Amino acid sequence: MYSLRIWHFNQRVRANRRIWGVVEESVEPRWNLAVRHQAGSLAAAVAAARNRSLALSFGVLLLLGVAVGMIVVSTRRAQRLAAQQMEFVAGVSHELRTPLAVIRAAGENLADDVVHDPDKTRQYGELINREGRRLSDMVERVLLFAKMRSGSVQFEQVEVDMLATIDDAISANSTWTDDHSVTVNRELPASLPQVLGDRAALTSVMQNLISNAVKYSRRGGVITVQARAVGSGSDASVQVAIHDQGDGIPSSEMPHLYEPFFRGDRARAAQIQGSGLGLSLVKQVVEAHSGHIEAVSTPGSGSTFLVQLPAV
Ligand code: ADP
């Protein structure tokens, strides 16, 4: 923005001068016109314009830097996800291979008439049943994960007795607990308020947490399952805590526990069976029931998973 100001007003003055015999008529100016930028002198105006364009250039540079940073972060994330998905495929295949091998071997023995003792036949039947159930659980877990991802899962809304779901989950894990020589200690009240939700989904939450406690416990360890009612009125809720005496979770792994396909270093190194989907599903189901889950762990002395669900 320029401003025009008239600083001087002079009388018209005519003066004749003779230079080299030529009469020269000169006209003195009537007006002196001074133009001044509002910001001050021309140098100041140029400096201001330069600062403006410098600031603009830095802004564009900063934007470019942020964009490059975001591309790097999302590329890393995509690489990590791809690696986790490969691990998941390997983990699922491994999990499917073990029960399939057991079922095939048992089936072959029965077909070849190797087993004659009725007791042995019953044991083979139990083995096939148990491994078949393990396969079904795995398939159900993967299907539930796919459904949750696509947002097409519909949970039932019925009154659920959490004590019954805990009992079901403990019995579903009984073979595991026997195999690992782990004892499950119940510290449960006589009754609990009901929770509104999907019974099967809430049972699978408890089952997952208890089977993790078994998997990551040391042999001969004790798992404690506690439940209690907390709050009252509209804040009333049911709290379930599952505590194990395993090696615990390193603090660096805590923020990743609920990421799909995440498996801890120890779980991978010791080849503890799993796919890294359990806790991700648990969290999604709990949150779909307006609840929340929390993990507390002291490396070396075990972990506690705490689930809180609103009561009816
Ligand atoms: P998975 O058990 O199939 O690996 P999860 O999603 O259930 O997958 O658990 C993710 C990871 O969290 C596990 O690989 C393990 O490192 C860690 N984790 C879960 N529960 C426990 C626990 N009770 N004690 C120690 N680590 C655990």
Side-chain angles (χ1 to χ4, degrees), residues 80-81 83-99 133-146 148-149 166 169-170 172-173 176-177 179-185 201-226 240-288 292-307:
R80 212 175 57 211
L81 195 68
Q84 282 177 342
Q85 277 169 344
M86 281 311 296
E87 242 172 57
F88 164 72
V89 172
V92 168
S93 313
H94 181 75
E95 274 213 47
L96 295 181
R97 210 162 47 189
T98 317
R133 208 169 46 222
R134 204 165 119 189
L135 275 181
S136 310
D137 284 352
M138 186 67 212
V139 172
E140 288 304 321
R141 199 175 290 186
V142 175
L143 284 178
L144 179 62
F145 177 73
M148 295 284 263
R149 274 279 152 129
I166 293 170
I170 294 175
N173 276 298
W176 266 76
T177 37
D179 286 353
H180 285 72
S181 317
V182 168
T183 313
V184 180
N185 218 349
L202 291 174
T203 306
S204 86
V205 164
M206 293 299 132
Q207 217 166 307
N208 258 300
L209 294 176
I210 295 173
S211 78
N212 272 357
V214 177
K215 275 197 299 187
Y216 300 109
S217 272
R218 301 193 193 105
R219 284 196 88 75
V222 176
I223 294 169
T224 310
V225 183
Q226 293 167 314
V240 182
I242 292 141
H243 174 74
D244 66 67
Q245 300 172 327
D247 287 336
I249 306 165
S251 52
S252 60
E253 291 182 359
M254 293 296 268
H256 308 290
L257 283 187
Y258 307 101
E259 287 173 10
F261 315 121
F262 173 79
R263 303 215 70 209
D265 283 345
R266 205 178 75 80
R268 275 185 288 150
Q271 295 200 337
I272 296 173
Q273 95 180 50
S275 56
L277 277 184
L279 286 182
S280 148
L281 283 173
V282 164
K283 186 174 166 77
Q284 289 182 65
V285 171
V286 167
E287 286 179 353
H292 79 267
I293 178 165
E294 203 182 309
V296 186
S297 183
T298 314
S301 58
S303 317
T304 302
F305 281 83
L306 206 84
V307 172

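One-based numbering, in listed order, for ligands and for the atoms of each. Note that the coordinates shown come from a computational prediction; the quantities given were computed from them, not determined experimentally. For the numbers below, each heavy atom of this structure counts, side chains included, while hydrogens, waters and symmetry mates do not.
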Which residue and heavy atom of the protein sit nearest atom 26 (N) of ligand 1, plus the separation
Ile249 CG1, 3.4 Å

Shortest protein heavy-atom distance from atom 14 (O) of ligand 1, along with the residue and atom involved
Gly264 N, 3.0 Å

Provide, to 0.1 Å, the distance between atom 7 (O) of ligand 1 and the closest protein heavy atom, together with that atom's residue and name.
Asn212 ND2, 2.8 Å

Should the proximity of Leu279 to ligand 1, defined as any heavy atom under 4.0 Å, be assigned to the side chain, the backbone, both, or neither?
both

min-distance protein heavy atom vs atom 10 (C) of ligand 1 -> Phe262 O, 3.4 Å

Ligand 1-proximal atoms of Ile272, by part, heavy-atom distance under 4.0 Å
neither

Quick check: Ala267 and ligand 1, any N/O pair under 3.5 Å apart?
no

For Tyr216, is there any backbone N or O sitting under 3.5 Å from a side-chain donor or acceptor partner on Asp247?
no

dist Ile242:CD1 -> Asn212:CG (nearest 0.5 Å) comes out at 9.5 Å

For ligand 1, is Phe305 a contact, meaning one of its heavy atoms is under 4.0 Å away?
yes

Does ligand 1 have any atom sitting under 4.0 Å from a heavy atom of Lys215?
yes

Any atom of ligand 1 sitting under 4.0 Å from a heavy atom of Ser303?
yes

For atom 18 (N) of ligand 1, find the nearest protein heavy atom and state the residue, atom name and distance (0.1 Å precision).
Tyr216 CE1, 3.9 Å

Nearest-neighbour protein heavy atom for atom 23 (N) of ligand 1, which is reported as residue plus atom name and distance
Asp244 OD2, 2.9 Å

Which residue supplies the protein heavy atom nearest to atom 12 (O) of ligand 1, what is that atom called, and how far is it?
Leu257 CD2, 3.3 Å

If you count the non-hydrogen atoms of other residues, nucleotides and ligands that lie under 6.0 Å from CE in Met86, is the total more than 12?
no

